[in-house]
Amino acid sequence: MQSSYRIVPAHEQKSASTRDTANDLGLHDTLHYGPVSLASNVKTQCAVRDRLENWDLAQDSLRLSMKRDIHGMHAPLRLLMERKLVSADHHMPALPRSNLQLDILMGRDDVLEPADVFGGMETALPLDIHKDMEKKVRL
């Protein structure tokens, strides 16, 4: 949790390149920096897409920082603890999943998404509760 009041996510610059990880001979030093990845060298095409991908994280960080400043350090820690407890997977495996408690704690209880209406039924496998329970409890 960062102490930041950013409304919009920060623009992330990739600082490491093969020039930064080169040894005396000008080659990438694999033993110190690990194998070379093309994804780390290629710059993303659109900064807007990067910001949109981090939008929810930035908004959550803002809410937690404000809660910490208003109510004290215990408030965001309690909220994070409750989110972790609620996000644990305690449901019957073959039945449709809905985590209303987590949606309320994340502040998404007033947002209606297609997954809320359809519940993933379009990609669901046929129901076999006995096999799924055996798999869950490892029998």
Side-chain angles (χ1 to χ4, degrees):
M1 181 175 63
Q2 301 173 358
S3 177
S4 172
Y5 291 110
R6 287 186 170 275
I7 295 174
V8 177
H11 180 66
E12 295 181 11
Q13 292 285 338
K14 298 202 189 279
S15 59
S17 68
T18 52
R19 284 186 232 130
D20 297 334
T21 61
N23 59 10
D24 296 337
L25 300 173
L27 300 172
H28 173 72
D29 193 356
T30 306
L31 294 176
H32 284 116
Y33 300 105
V36 178
S37 171
L38 289 177
S40 66
N41 292 333
V42 175
K43 189 174 183 178
T44 57
Q45 292 132 359
C46 184
V48 174
R49 184 176 69 194
D50 292 337
R51 288 187 179 200
L52 286 176
E53 288 174 356
N54 296 326
W55 178 260
D56 291 332
L57 182 63
Q59 294 299 309
D60 190 42
S61 176
L62 172 69
R63 279 190 226 110
L64 290 175
S65 295
M66 290 175 62
K67 193 175 282 269
R68 186 191 71 223
D69 290 344
I70 293 170
H71 299 289
M73 189 62 187
H74 75 281
L77 290 176
R78 179 180 173 188
L79 185 63
L80 291 172
M81 179 186 65
E82 288 175 353
R83 285 183 193 172
K84 184 176 180 182
L85 289 171
V86 168
S87 64
D89 195 17
H90 300 293
H91 73 283
M92 292 289 288
L95 300 177
R97 300 175 187 184
S98 173
N99 202 341
L100 181 62
Q101 295 170 332
L102 185 61
D103 286 343
I104 291 170
L105 290 173
M106 296 290 289
R108 297 184 307 223
D109 55 337
D110 57 349
V111 177
L112 186 64
E113 297 177 349
D116 296 332
V117 176
F118 298 114
M121 292 185 302
E122 65 275 357
T123 59
L125 298 173
L127 296 178
D128 189 5
I129 293 176
H130 298 292
K131 270 188 185 177
D132 289 337
M133 282 303 293
E134 288 174 359
K135 186 177 183 183
K136 183 176 181 178
V137 295
R138 296 182 181 112
L139 288 179

Residues forming a side-chain hydrogen bond (donor to acceptor under 3.5 Å, both in side chains) with Glu82, sequence neighbours excluded: Arg78
Could you tell me which non-hydrogen atom of Pro76 sits nearest to which non-hydrogen atom of Gly72, and how far apart they are? CD-O, 3.3 Å
Across all chains, not counting sequence neighbours, the side-chain hydrogen bond (donor to acceptor under 3.5 Å, both in side chains) partners of Arg63 are none
Please write out which residues are connected to Leu100 in a hydrophobic cluster, directly or through intermediates, given that two of Ile, Leu, Val, Met, Phe, Trp, Tyr count as joined at side-chain heavy-atom separations below 4.5 angstrom. Ile104
Interatomic distance, CG@Leu64 vs CZ@Arg83, rounded to 0.5 Å, equals 5.0 Å
As an exercise, state the distance from CG of Leu80 to CG of Asp60, rounded to the nearest 0.5 Å. 7.5 Å
Cluster partners of Leu85, using ILVMFWY side-chain heavy atoms under 4.5 angstrom, listed by chain and number? Met81
For Leu112, give me all partners under side chain to side chain contact (heavy atoms under 4.5 Å, CB included), at least two apart in sequence or on another chain. Asp116, Val117
Which residue pairs satisfy the side-chain hydrogen bond (donor to acceptor under 3.5 Å, both in side chains) criterion with at least one member in residues 102-113, sequence neighbours excluded? Asp103-Arg108
Sequence neighbours left out, what pairs pass salt bridge (charged side-chain N to carboxylate O under 4.0 Å, His left out) with at least one residue falling in residues 25-36? none
Is atom CD of Glu134 surrounded by more than 12 heavy atoms (other residues, nucleotides or ligands) closer than 6.0 Å? yes
Indicate the atoms forming the closest heavy-atom contact of His71 with Ala75, along with that distance. CB-CB, 3.7 Å
Ser65 side chain vs Ser61 backbone, donor-acceptor pair below 3.5 Å: yes
Members sharing Leu31's hydrophobic cluster (side chains within less than 4.5 Å): none
Could you measure the distance from the NZ atom of Lys84 to the CG atom of Leu102? Nearest 0.5 Å is fine. 13.5 Å
